[in-house]
Amino acid sequence: MTSPVEIAPANGKLGVLLVGLGAVSTTTIAGVMAIRRGLAPPIGSLTQMGTIRLGKRTENRTPKIKDFVPLASLDDIVFGGWDIFEEDCYAAARTAGVLEPSQLEQVRGELEAIKPMPAVFDQRYVKRLDGPNVKKGKNKRDLAEQLIADIRSFKAKHGCDRLVMIWCGSTEIYMKETAAHATIASFEKALEENDDAIPSSMIYAYAALREGLPFANAAPNLTADIPAMLQLAAKMKSPVAGNDMKTGQTLIKTIIAPGLKARLLGVKGWYSTNILGNRDGEVLDDPESFKTKEESKKSALDYIFQPHLYPELYADLCHVVRINYYPPRGDNKEGWDNIDLIGWLGYPMQLKINFLCRDSILAAPIVLDSVLFLDLAKRAGMSGIQEWLSFYFKSPMHAPEVYPEHDLFIQLMKLKNTLRYLRGEELITHLGREYYD
Ligand SMILES: NC(=O)c1ccc[n+]([C@@H]2O[C@H](COP(=O)([O-])OP(=O)(O)OC[C@H]3O[C@@H](n4cnc5c(N)ncnc54)[C@H](O)[C@@H]3O)[C@@H](O)[C@H]2O)c1
């Protein structure tokens, strides 16, 4: 046992600022409202339903996570956010078409009260989107200052004790790190000079970190994952997490692939295709936004299979990922995976997976969990990359000297061990020799 880490209590209100009030955000917000009124269960949320084993198996100590670590209560959450469309949260949820109108009606008043603040938006970074609710500014520095003013006035207006910001906006075009991203000074100079290397999402992340807020990126954009942001996070003691929430097909991939690898079954091909008809699908129909998503979706298998260690099993893996925009399905995505396996003596086999999922229904609980855990991290004095939150992301942020951990089960163990560490409980190694001595 080690001594517990000092964690400030979760007193007062927690403001949750969501960038982009689209399908994921409105499903999260309306869901939290319905859950706290006892109208629906928080299925899929580890913070609300998960338990954690403590000590030896014989001790029978398995509290709920929310009773083990001091998380903010759902009753203390206040939502706000930005969008390029002027619709309030109720209208936006109706547009997104994820939750049933009758369910939205039950929380209509609360949803209508959330009106999006004017966004920082530049169509060059999201080609398939345009809207009227957009800030004007002298340069990107000025836009960042306007966001900081929004953050401060939201905090004052709602009497928030703490805030968290999550980018739930559209997927921006594929971008690579440049010299502008190297240091806080080069980044601020680039803001001043309106450098193209700074997309809208980075302006939000910068504003959040400047204010010392925890920040997460639910999309695959290059947003907070640059040296300048990490330096700022360290300076302002902000925890950060990302990128791209692990829902749908990649969630299933990181459940199945570790199992195949554990049994040393070879994989020659993995073909993944999706049809998706929501606004996210429309944005991803643009090849430049799709490239950002594709890079994020493709990385998981390489890391899980470790082809450099198992060349006979995985070196020739052909991994293809497709997303097709198909409006009739709306948010109800359908994914197909065909996996070409190799077994004993090289005999081929096939596995087919057909997942009829609901994208935002899978995303909402993990937005909620990320918010609550990032707020916990901040109160526990943890800043910079929160690798223990890899569990929630397709392209987990990680230190430059280590590879990212994609295996869902290792990610969960890391998350729970972090909670045990915070509370001074013994870490669980699953060795268990003591039961047989
Ligand atoms: N749904 C999922 O399961 C899932 C999983 C992983 C990642 N994501 C990512 O999460 C993001 C949100 O997904 P969604 O389904 O809610 O999409 P959506 O299109 O319904 O919502 C995105 C919203 O962001 C707004 N927006 C775009 N740029 C903005 C800006 N600069 N400032 C403010 N608002 C802006 C759009 O107007 C839109 O309302 C996407 O990038 C998506 O790829 C979603």
Side-chain angles (χ1 to χ4, degrees), residues 17-30 44 80-89 91-98 116-135 140 143-144 146-147 150 165-173 198-205 207 216-221 223 242-252 274 276-286 289-297 323 325 330-333 335 355 357-367 370 392-395:
L17 291 171
L18 300 170
V19 189
L21 294 172
V24 169
S25 291
T26 57
T27 307
T28 306
I29 297 172
W82 296 265
D83 206 291
I84 65 168
F85 298 108
E86 286 158 336
E87 293 179 305
D88 63 49
C89 233
R94 288 297 299 263
T95 304
V98 179
M117 296 180 267
V120 170
F121 179 74
D122 183 335
Q123 208 191 8
R124 280 179 304 163
Y125 303 100
V126 186
K127 304 250 157 70
R128 297 281 158 98
L129 214 56
D130 201 10
N133 195 32
V134 174
K135 291 189 196 308
K140 291 181 179 177
L143 292 169
Q146 292 185 41
L147 289 176
D150 287 348
M165 188 193 291
I166 305 228
W167 171 273
C168 291
S170 312
T171 301
E172 295 174 324
I173 59 171
I198 303 187
S200 316
S201 65
M202 279 188 197
I203 305 178
Y204 286 95
N217 181 13
N221 324 321
T223 297
N243 296 310
D244 203 10
M245 285 173 304
K246 181 150 85 171
T247 58
Q249 197 167 50
T250 311
L251 171 68
I252 299 300
N274 294 277
L276 177 63
N278 59 14
R279 191 180 281 151
D280 185 29
E282 192 178 352
V283 166
L284 293 173
D285 209 32
D286 170 54
S289 286
F290 175 67
K291 168 101 173 118
T292 313
K293 192 58 124 183
E294 187 186 27
E295 291 288 319
S296 168
K297 278 175 160 274
I323 300 178
Y325 177 51
D331 200 64
N332 296 351
K333 182 154 84 181
F355 191 19
C357 67
R358 291 171 189 263
D359 238 14
S360 303
I361 293 294
L362 292 168
I366 72 180
V367 171
S370 306
Y392 294 113
F393 297 99
K394 278 198 203 68
S395 307

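First listed ligand is number 1; within each ligand, the first listed atom is number 1. Please read all numbers here as calculations on a predicted model, not as lab measurements. Start at 1 with the first residue, then count along the sequence.
Atom numbering of ligand 1 starts at 1 in the shown order; those under 4.0 Å from a heavy atom of D244 are 6 (C), 7 (C). For ligand 1 and F85, the ligand atoms under 4.0 Å from any heavy atom of the residue are 37 (O). The ligand atoms of ligand 1 that sit less than 4.0 angstrom from a heavy atom of G20 are 23 (C), 24 (O), 25 (C), 33 (C), 34 (N). For ligand 1 and K394, the ligand atoms under 4.0 Å from any heavy atom of the residue are 6 (C). Ligand-side atoms of ligand 1 in range of D83: 23 (C), 24 (O), 25 (C), 33 (C), 34 (N), 36 (C), 37 (O), 38 (C), 39 (O), range being under 4.0 angstrom from any heavy atom. Remark: ligand 1 atoms within the under-4.0 Å shell around heavy atoms of V120 are 30 (C), 31 (N), 32 (N). Every atom of ligand 1 is numbered from 1 in the order shown, and the set under 4.0 Å from a heavy atom of A119 is 32 (N), 33 (C). Residue contact check: V19 has heavy atoms under 4.0 Å from atoms 32 (N), 33 (C) of ligand 1.
The side-chain heavy atoms of N217 and S201, taken from C-beta on, include no pair separated by under 4.5 Å. Using a 4.5 Å heavy-atom threshold, the side chains of N221 and T171 count as touching. Residues T223 and Y204 are not in side-chain contact: their nearest non-hydrogen atoms beyond the backbone lie 4.5 Å or more apart. In this structure, R358 and V98 have side chains that are not in contact, with every pair of non-hydrogen atoms separated by 4.5 Å or more. Looking only at side-chain heavy atoms (C-beta outward), L362 and M245 stay at 4.5 Å or farther from each other. At least one side-chain heavy atom of W82 sits under 4.5 Å from a side-chain heavy atom of L147. Taking the side chain as every heavy atom from C-beta outward, R128 and Y325 never approach each other to under 4.5 Å. Using a 4.5 Å cut-off on side-chain heavy atoms (C-beta onward), I173 and Y125 make contact.
Note that the NZ atom of K127 and the CG atom of L129 stand 12.5 Å from one another [nearest 0.5 Å].
The closest protein non-hydrogen atom to atom 6 (C) of ligand 1 is M245 O, 3.1 Å. Nearest protein heavy-atom contact of atom 3 (O) of ligand 1 is T247 OG1, 2.8 Å. Closest protein heavy atom to atom 14 (P) of ligand 1: V24 CG2, 3.7 Å. For atom 20 (O) of ligand 1, the nearest protein heavy atom (residue, atom name, distance) is A23 N, 2.8 Å. With hydrogens left out, the protein atom closest to atom 42 (C) of ligand 1 is D280 OD1, 3.2 Å, a heavy atom. At the shortest separation from atom 21 (O) of ligand 1 among protein heavy atoms lies G22 CA, 3.2 Å. Among protein heavy atoms, atom 40 (C) of ligand 1 sits closest to G169 O, 3.2 Å. Looking only at heavy atoms of the protein, atom 27 (C) of ligand 1 is closest to S170 OG, 3.2 Å.
Not a single heavy atom of K333 sits less than 4.0 Å from an atom of ligand 1. Using a 4.0 angstrom heavy-atom cutoff, Y204 counts as in contact with ligand 1. Every heavy atom of V283 sits 4.0 Å or more from the atoms of ligand 1. Look at L362 and you'll find every heavy atom at least 4.0 Å from all atoms of ligand 1. Under a 4.0 Å heavy-atom criterion, C168 is in contact with ligand 1.
Judged as a side-chain hydrogen bond (donor to acceptor under 3.5 Å, both in side chains), and not counting sequence neighbours, the contacts of N278 are D331. Scored by the side-chain hydrogen bond (donor to acceptor under 3.5 Å, both in side chains) test, S200 finds no partners at all (sequence neighbours excluded).
Formation of a donor-acceptor pair under 3.5 Å by the T27 side chain with backbone atoms of A23 is found in this model.
The closest non-hydrogen atom to atom 8 (N) of ligand 1, taken over A218, A219, S200, comes from A218. Nearest to atom 19 (O) of ligand 1 by heavy-atom distance, out of Q249, R279, M117, is R279.
Contact detail for C168 and V24: the closest heavy-atom pair is SG-CG1, 4.2 Å. Closest heavy-atom contact between S25 and G20: OG-O, 2.6 Å.
For ligand 1, the polar-atom distance check finds an N/O of D359 within less than 3.5 Å of one of the ligand's N/O atoms. Of the N or O atoms in D331, none lie within a sub-3.5 Å distance of an N or O in ligand 1.
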Checklist entry - Hey, mind stepping through L21 and I29 against side chain to side chain contact (heavy atoms under 4.5 Å, CB included) and telling me if it holds? => result CA-CA 9 Å; L21 294 172; I29 297 172; 4.0 Å; yes
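Neither the backbone nor the side chain of E282 has a heavy atom within less than 4.0 Å of ligand 1. The part of W167 lying near ligand 1 is the side chain, judged by heavy-atom distances below 4.0 Å. At a heavy-atom cutoff of 4.0 Å, ligand 1 is contacted by both the backbone and the side chain of T171.
Using a cut-off of 4.0 Å between Lys/Arg side-chain N and Asp/Glu carboxylate O, K135 and D150 are scored as salt-bridged.
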